[in-house]
> 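Just passing along the structure, written as structure tokens.
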Amino acid sequence: MSQLIPYIVAAPLVGFLINGFFGGKYKNKAIAGWVASMAVTASFVMAIAVFSEMLSMPAESRAIHYKLFDWLSVGKVNVGISYLIDQLSIIFILVITGVGALIHLYSTGYMKGDPGYTRFFTYLNLFIVMMLQLVMADNYLLTFLGWEGVGLCSYLLIGFWFEENKNNDAAKKAFIVNRIGDFGFLVAMGVMLVTFGSLNFSDVFGAASGMGSGNTSIVIITMMLFLGCTGKSAQIPLYVWLPDAMAGPTPVSALIHAATMVTSGIYLVARSNILFALSPATLTVISIVAICTALLAAIIALFQNDIKKVLAYSTVSQLGYMFLGLGVGAFGAGVFHVMTHAFFKACLFLGSGAVIHAMHHEQDMQKMGGLKKYLPITFATFLIATLAIAGIPPFAGFFSKDEILWKAFSQGSTLLWVLGAFGALMTAFYMFRAVYLTFYGKERFDAAHHPPHEVVPAMWIPLVALAALSVLGGFLGVPKILGGGETISQWLEPIVGKGEEIAAQSQIMQGEGMEIPLVIISVVVALVGILMATRYYKKRTTLASQEQKLGTLYSLSANKFYVDEIYDKTIVQPTYFLSNSILYKIVDVKIIDGIINGSAAGIGQISGMIRKIQTGIVQNYAVMIVVGILVLVSYVLIF
Amino acid sequence: MSSLSNYLIVSAILFMIGASGVMFRKNVIVIFMCVELMLNAVNLTLIAFSQFMGDQSGQILVFFVMTVAAAEAAVGLAIVISVYRNKETVEIDKLNLLKG
Amino acid sequence: MVTRKSAVPSALMLIVTFCFLAALYLTLNAQFLAVVQVAVYAGAIMVLVVFVIMLLNIRNEQYTITGNWKTVVGILGVLGILAQIISVFIAATDTLPKHLSESAVQLGTVESVGTKLYTSYAFPFEMASIILIAAAVGAIVLAKKKLT
């Protein structure tokens, strides 16, 4: 079965090439959608085949190396196009191709009639290729290739409707902010090459586990890798691009900016768990950044009115939870939350897409309301996913989030848990606020003229599938204390076990026997959040906002803590000033252009003089030949 | 029988006469004839060396030089004719298209 | 021949020069080349040249030998090179052979040159014929009034 591995990547690549080269010639544009969907589905089926083969093998030998060919071979450094399929990457592959296939299917309905239909699917397939590259690589460089590739696809898809300038600005913002993170990744790879002399996972981890905890090189590497993760996975301070990325089509938000690409940072940390475990300082930084991100994003999400913005900040916040899990050394828990989050967040985004589709591209929740009876399927799936993200048992989010919170308490500190639980309260509140504003209450739109209509099967089938996964996905990781088998932790044990073990050595464990009470508290907290939302938003008929009575908190939240404005004043404007007034007008125009133009003019003058030798009269040349011979022969004769 | 250096000196003189003709004459046909003269000077050197050293290769080379000279004469004169047809002149200092 | 203003006397003098050269070849016992020299150079090529001169019917040249930097430098250059060559010959007189080699008579005959041409040099000989054909075709193409 392992010979199928390269074809997992090849299938969407073929789809990309077919649509990319022949897309313009299709008479029926729907072909593009089907080609793309089939390609991703094929790769999902192959991934399942590989997965089932792994299941039948003993746990230790489940990692499959598959080398295609050498890519770079310089000195002692040897980097190959080679893949590593193991317990960690197969989870990501299954999520990427599975959720990806569902979203492709959904897009065939959602994007119908768009002039860029084939272009959309071309980009989407390329994204799948790159994302698979990222998680299947067996070395950091190939991972980086995928890392950059998904960044490119993200840029292309955010700016998909490039006729509008604000979409282009959002795309550029995403790309530039990601570049800052990528810089960290590059530095990390450089340090890695110097320290370990290799970029292959096995070499690096093997060499690193021989080193002591807190080794300076490893601290630098992990800090820089985490800088990369803050860019790609939208953590403070580089999270600002993700909310703007909602300018792209909704399936893109679901696939790239919720389910897969933004989790690549978690993948990277989980993959490098040994390195991170050896650097407790980095883990502390990750925990702090993660909890701050989770809370800040949750606060901002409280009073957003754009349905996609709510989901975007919710994604940032959930990514914070995942990093919190990684930061306290519970790598398995982080990956588990990636998976469940992919299910319910994709479901939420696709649901919001269905709402937006039904509302004729209206995204403001203040202009919705009462959609429950128009969109029954969408409502049901949206509600299930919301319950999942709010952490109500037995939905998926409950198990994964609770495991993270429990690990934050037992391996981190009580403060982390309190803050995390507070974040969970806000999560439940803002998600149900969104549900109530959208589906309940009075219709705040012109229902008579533009009655909303339920979406086509191609769009609701993925919704139902994802909702089912949101219900069932959590049972993969039922904790022991609740009578479960912790299937996912055991599955991941060969990969992250060592890192968790090392990380645990520098941690103080606490909270024996506290797990059950904590679980109950967190469920209660989530219920409180839901009740608060019900109290304030369920029956609301008018929009005269009591929200504004909250004063400072409201304005901070609604204005996203002015982070964009602060960045604009402190970074963007000075950069503009530096680029325009100093680098462009002085350094570039005066100095660099001066040197270039000066040398060109100098050469022009010299050649103007030399040019006169070329009289065009052949006999002058003959005379010169004779003189030349005379000089040369004299030289030979004399010396 | 004169010695080898006599032949060589004659050859050198002939060659330099040809060369000065190439340098100073304006008429393309005369220049062309001067080139032939230079070729012949070289031929004389070759034959002289060949006969004095007892190596026949020199004469063979002269034979080929003559062949190429004949070819050159044919093509060169054809070029002169077509130049004259276009420019109405065969004066070489009027043909300065190479001027930089 | 270089100093004549008109091209025709130049050509005639060149023919004479060629004939003298053929005589020199004879003194070197190179009979075959002497004949070829008269036939090809003095005969064929110069006839061609004279024909072209007649065809074009050119005026006499207007040229002066004085004043021009080019002339001065050229003459000096020519004389300089001539001096160099002659000095080299004089310096090398002792090492140069004084007499014709014994086989010189044998080497210059039509028979021996022909044998060598058709045996050891068969391939260059064929190449030479190709060059000649190419030249003939090229000359015709160039001299034609217009390509059809």
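It should be emphasised that the depicted structure is a prediction, and the values quoted were computed from it without experimental measurement. Proteins come first, then strands; the chains are lettered A, B, ... in the order of their sequence lines, and each starts at number 1.
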> Identify which of B/Gly76, B/Ser50, B/Ala78, B/Ser82 forms the greatest number of heavy-atom pairs closer than 4.5 Å to chain C.
B/Ala78
> Quick check on the interface: out of C/Leu132, C/Leu28, C/Val113, C/Ile133, who has the most heavy-atom pairs with chain B under 4.5 Å?
C/Leu28
> Identify which of C/Ile131, C/Ile90, C/Val49, C/Leu79 forms the greatest number of heavy-atom pairs closer than 4.5 Å to chain B.
C/Val49
> Given side-chain contact (heavy atoms from CB on, under 4.5 Å), test C/Val52 with B/Tyr84 step by step and report yes or no.
CA-CA 11 Å; C/Val52 171; B/Tyr84 183 77; over 6 Å; no
> Side chain, backbone, both or neither: which part of C/Ile85 has an atom under 4.5 Å from a heavy atom of chain B?
side chain
> Please flag which part of C/Leu21 lies under 4.5 Å from any non-hydrogen atom of chain B: side chain, backbone, both or neither.
side chain
> Counting only non-hydrogen atoms closer than 4.5 Å, does C/Met46 touch chain B with its backbone (N, CA, C, O), its side chain (CB onward), both, or neither?
side chain
> Considering only heavy atoms and a distance below 4.5 Å, find which of B/Met23, B/Glu36, B/Met53 pairs most often with chain C.
B/Glu36
> Under the side chain to side chain contact (heavy atoms under 4.5 Å, CB included) test against B/Ser20, which residue among C/Thr71, C/Ile75, C/Val78 passes?
C/Val78
> Which pair of heavy atoms, one from C/Ala7 and one from B/Asn27, lies closest together, and at what distance?
CB-ND2, 4.0 Å
> If you draw a 6.0 Å radius around CE in B/Met38, do more than 12 non-hydrogen atoms from other residues or ligands fall strictly inside?
yes
> Would you compute the distance between atom CD1 of B/Ile60 and atom CZ of C/Phe125 and round it to the nearest 0.5 angstrom?
10.0 Å
> Under the criterion side-chain contact (heavy atoms from CB on, under 4.5 Å), I'd like the reasoning laid out for C/Leu100 against B/Leu4: C-alpha separation, chi angles, the key distance, then a yes or no.
CA-CA 8 Å; C/Leu100 288 177; B/Leu4 176 56; over 6 Å; no
> Quick one, C/Tyr121 and B/Phe63 - any side-chain contact, counting heavy atoms below 4.5 Å?
no
> If you count heavy-atom pairs under 4.5 Å with chain C, which of B/Ile29, B/Leu8, B/Thr67 comes out on top?
B/Leu8
> Just checking, any donor-acceptor pair under 3.5 angstrom between side chains of C/Gln37 and B/Asn40?
yes
> Could you have a look at C/Ala128, C/Ala92, C/Gly138 and say which one has the most heavy-atom pairs with chain B under 4.5 angstrom?
C/Ala128
> Atom CZ in B/Phe49, atom CG in C/Leu96: separation rounded to 0.5 Å?
5.5 Å
> With only heavy atoms counted, which part of C/Leu33 is less than 4.5 Å from chain B, the side chain, the backbone, both or neither?
both
> Can you see which heavy atom on C/Ala135 is nearest to which on B/Ala71, and at what distance?
CB-CB, 3.4 Å
> B/Ile47, B/Ile9, B/Val10, B/Val75: which one forms the most heavy-atom pairs within less than 4.5 Å of chain C?
B/Ile47
> Side chain from CB out, backbone as N, CA, C, O: work out which of these in C/Ser112 comes under 4.5 Å of a heavy atom of chain B, or both, or neither.
both
> I need the residue from C/Val40, C/Leu24, C/Val36 with the largest number of non-hydrogen atom pairs under 4.5 Å to chain B.
C/Leu24
> Looking just at side-chain N and O atoms, do C/Ser101 and B/Gln51 make a donor-acceptor pair shorter than 3.5 Å?
no
> Of the listed residues (C/Ile86, C/Ile140, C/Leu56), which shares the most heavy-atom pairs with chain B below a 4.5 Å separation?
C/Leu56
> Taking the side chain as every heavy atom from C-beta outward, state whether C/Tyr41 and B/Asn43 have any atom pair closer than 4.5 Å.
yes
> Measure distances from C/Ala30 to the heavy atoms of chain B and classify the residue's part below 4.5 Å as side chain, backbone, both or neither.
both
> Look up atom OG in C/Ser10 and atom CG in B/Leu37, then write down how far apart they are to the nearest 0.5 Å.
11.0 Å
> Kindly compute the distance separating OG (B/Ser57) from NZ (C/Lys116), expressed to the nearest 0.5 Å.
5.0 Å
> To the nearest 0.5 Å, how far apart are CG in C/Asn29 and CZ in B/Phe52?
10.0 Å
> To the nearest 0.5 Å, tell me how far B/Phe64 CZ sits from C/Leu117 CG.
5.5 Å
